[in-house]
Amino acid sequence: MFTLSSTPLRRIARAATVTVAAVATATALTACSSGGSSGNGQIAIISKGYQHQFWKAVNKGAEESAKELGKTITFEGPDSETQVEKQVQLLQTALDRNPSAIAIAALDSSAVAPILQQAKDKGIPVIAFDSGVDSDIPVTTASTNNFAAAGEAAKRMVELIGGKGEIGVVAHDQTSKTGVDRRDGFTDWIKKNAPGVKIVDVQYGGDPAKAADLTSTMLEAYPNLAGLYGTNEGAATGVVNAAQRSGKKNITIVGFDSGAAQIDAIKSGLMAGAITQNPLGIGRETVAAAVKAINKESLPKTIDTGYYWYDKTNIDDPKISGSLYR
């Protein structure tokens, strides 16, 4: 009978122990490398929606930047900018894929806050875009200065109505920072600078159909309205449609964003003018910031992507037309 000596047995045991330890170490290293800011190499971008041309332009800018920088992105958003819960679900799903960075245009800052905290705990950098987040978790925010831009819209409105009269506002929401800033930037400027102008009503509806219904009700309640202001593409389009149906031609309409309906309304004279953001620039700056964050490079707290006032007089100016989208 062949019997192993005790010495070879001890050697085999030691070898087995070393092998197990090596496998355990490799597994631990793999787990570490899959988490944190290394991630899966993708940048997950969650927008407020995808129904408006604005978000498609942001997506285009993001894709262009990603291609130039050798990165891959995912770009998702709910069907409607009222679907806060859906956006939260999309954000959670994106986080579960363990991306290298997350970019979020929050519909509701408080609703996304717990997931952003999860991202921070995992070492995944968060970039805010378009709409800031009321949190110190995002390393930067790439967006229009919506408060200042809304103040510009208010200034133009006051000039157009001769410094006096009643104005109604249709804001796209009252939960996102964008919605709040575009409302408050407008109303605050008027309160401080235009004593002859009165904001008589503020309603909320970013969907064109809902915004139109709200505007129609407003026109009935305030027959002497001199001006109407819509804070995004959907709200402004709804305002124009309702005003057109009412047959009233002495109402000055000012909007925000662009899109085919607003461009056509400005060219035809139904709308006096609007503020346009730089959606391609927002997409590009968001991806560029995410790459810097992944590489642990320093970033400013905010990245101002700019805005323009456009009307009949300058809508075809290359500087302006390049920021418009249909």
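Side-chain atoms of P99 and I124, non-hydrogen and from C-beta on, do get closer than 4.5 Å to each other. Looking only at side-chain heavy atoms (C-beta outward), L91 and I102 come within less than 4.5 Å of each other. In this structure, the side chains of E81 and H52 come closer than 4.5 Å at one or more pairs of heavy atoms. K155 has its side chain out of reach of N193: every pair of non-hydrogen atoms, C-beta onward, lies at least 4.5 Å apart. With contacts defined as side-chain heavy-atom distances shorter than 4.5 Å, the pair V158/W189 qualifies. Contact check for D213 versus T217: no side-chain heavy atoms found under the 4.5 Å cut-off. Annotation: side chain of L324 is in contact with side chain of I263 (closest heavy-atom distance under 4.5 Å). The side-chain heavy atoms of N40 and R97, taken from C-beta on, include a pair separated by under 4.5 Å.
D188 contributes no side-chain N or O that, together with a main-chain N or O of F147, makes up a donor-acceptor pair within less than 3.5 Å. Here the side chain of N145 pairs a donor or acceptor atom with the backbone of A148 at under 3.5 angstrom. Within the 3.5 Å criterion, the main-chain N or O of A265 finds a donor-acceptor partner in the side chain of S268. Judged by distance alone, the side chain of S109 and the main-chain N or O of V133 form no donor-acceptor pair under 3.5 Å. The backbone N or O of I45 lies less than 3.5 Å from no partner atom in the side chain of E76, so there is not a single donor-acceptor pair. Remark: the backbone N or O of G306 is paired with a side-chain donor or acceptor of D304 at under 3.5 angstrom. With hydrogens and angles disregarded, a donor-acceptor distance shorter than 3.5 Å links the side chain of S135 to the backbone of I137. Formation of a donor-acceptor pair under 3.5 Å by the T276 side chain with backbone atoms of S323 is found in this model. The backbone N or O of F256 lies less than 3.5 Å from a partner atom in the side chain of Q262, making a donor-acceptor pair. A donor-acceptor pair is defined here as one N or O able to donate and one able to accept, closer than 3.5 Å; such a pair exists between the side chain of S258 and the backbone of Y325.
By the 4.0 Å N-to-carboxylate-O rule, D264 lies close enough to R326 to be salt-bridged with it. In summary, K67 and E63 do not engage in a salt bridge, as defined by a charged side-chain N under 4.0 Å from a carboxylate O.
Going from atom OG1 of T286 over to atom CD1 of I104 covers 11.0 Å, rounded to the nearest 0.5 Å. Between the OG atom of S298 and the NZ atom of K292 there is a distance of 8.0 Å, given to the nearest 0.5 Å. The CD1 atom of I251 lies 14.0 Å from the OH atom of Y222; values are rounded to the nearest 0.5 Å. For the atom pair CD (E285) and OG1 (T305), the distance works out to 7.5 Å, reported to the nearest 0.5 Å. One finds the NZ atom of K177 at 8.0 Å from the OG1 atom of T141 (value rounded to the nearest 0.5 Å).
Among all heavy-atom pairs drawn from S321 and D316, the shortest one is OG-O, 4.3 Å. Between A44 and T74 the shortest heavy-atom distance is CA-OG1, 3.3 Å. A212 and A242 get closest at one heavy-atom pair: O-CB, 3.3 Å. Here the closest non-hydrogen pair linking A289 and I303 is CB-CD1, 4.0 Å. Minimum heavy-atom separation, A236 to G255: CB-CA, 4.0 Å. Between S65 and A288, the shortest heavy-atom contact is OG-N, 3.9 Å.
A continuous path of hydrophobic side-chain contacts links I266 to L228 [ILVMFWY only; heavy atoms under 4.5 Å]. One hydrophobic cluster, built from ILVMFWY side chains closer than 4.5 Å, holds both L270 and V239. Two different hydrophobic clusters hold Y307 and V58 under the rule that ILVMFWY side chains link at heavy-atom gaps under 4.5 Å. Connection of V200 to L219 is established within a shared hydrophobic cluster, with ILVMFWY side chains joined at heavy-atom distances below 4.5 Å, either directly or through further cluster members. Side-chain heavy atoms closer than 4.5 Å link hydrophobic residues (I, L, V, M, F, W, Y) into clusters, and following such links, even through other members, never connects M218 to M157.
Tested against V287, the residues I282, I127, I73 include a single side-chain contact (heavy atoms from CB on, under 4.5 Å) partner, I73.
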Taking only distance into account, with no hydrogens and no angle test, what donor-acceptor pairs under 3.5 Å do side-chain atoms of residues 159-173 form with protein atoms, sequence neighbours excluded?
residue : atom : partner : partner atom : Å
H172    : ND1  : T231    : OG1          : 2.7
D173    : OD1  : T175    : N            : 3.1
D173    : OD1  : S176    : N            : 2.9
D173    : OD1  : S176    : OG           : 2.9
D173    : OD2  : S176    : OG           : 3.0

Could you walk me through whether N232 and F54 pass side-chain contact (heavy atoms from CB on, under 4.5 Å), step by step? CA-CA 10 Å; N232 79 343; F54 175 83; over 6 Å; no

Could you go through the side-chain contact (heavy atoms from CB on, under 4.5 Å) check for S47 and F75 one step at a time? CA-CA 7 Å; S47 76; F75 193 101; 3.7 Å; yes

Using the rule given for side-chain contact (heavy atoms from CB on, under 4.5 Å), can you reason through I275 versus R156, listing the C-alpha separation, both sets of side-chain angles and the distance that settles it, and then say yes or no? CA-CA 10 Å; I275 297 290; R156 300 283 184 165; 5.9 Å; no

Between T215 and N241, is a side-chain contact (heavy atoms from CB on, under 4.5 Å) present by the stated rule, with each step listed? CA-CA 9 Å; T215 303; N241 291 341; over 6 Å; no

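A 6.0 Å sphere centred on NZ of K301 holds more than 12 heavy atoms belonging to other residues, nucleotides or ligands. Within 6.0 Å of atom CD in E85, 12 or fewer heavy atoms from other residues, nucleotides or ligands are found, so the atom counts as exposed in its surroundings.
Looking at T144 and N146, their side chains never bring a donor and an acceptor atom within 3.5 Å of each other. There is no side-chain donor-acceptor pair under 3.5 Å between D79 and Q83. Checked by atom type, the side-chain pair Q277/D257 shows a donor-acceptor distance below 3.5 Å. N59 and Y50 are linked by a side-chain donor-acceptor pair at a separation below 3.5 angstrom, with hydrogens and angles left out of the test. A side-chain N or O of Y204 and one of R183 form a donor-acceptor pair less than 3.5 Å apart. In summary, the side chains of T178 and K48 do present a donor paired with an acceptor at a separation below 3.5 Å, with no hydrogens or angles considered. Checked by atom type, the side-chain pair Q203/D201 shows a donor-acceptor distance below 3.5 Å.
Ring-plane geometry between F186 and Y229 is classed as parallel, the angle between the planes falling under 30 degrees on a 0 to 90 degree scale with a further cut at 60.
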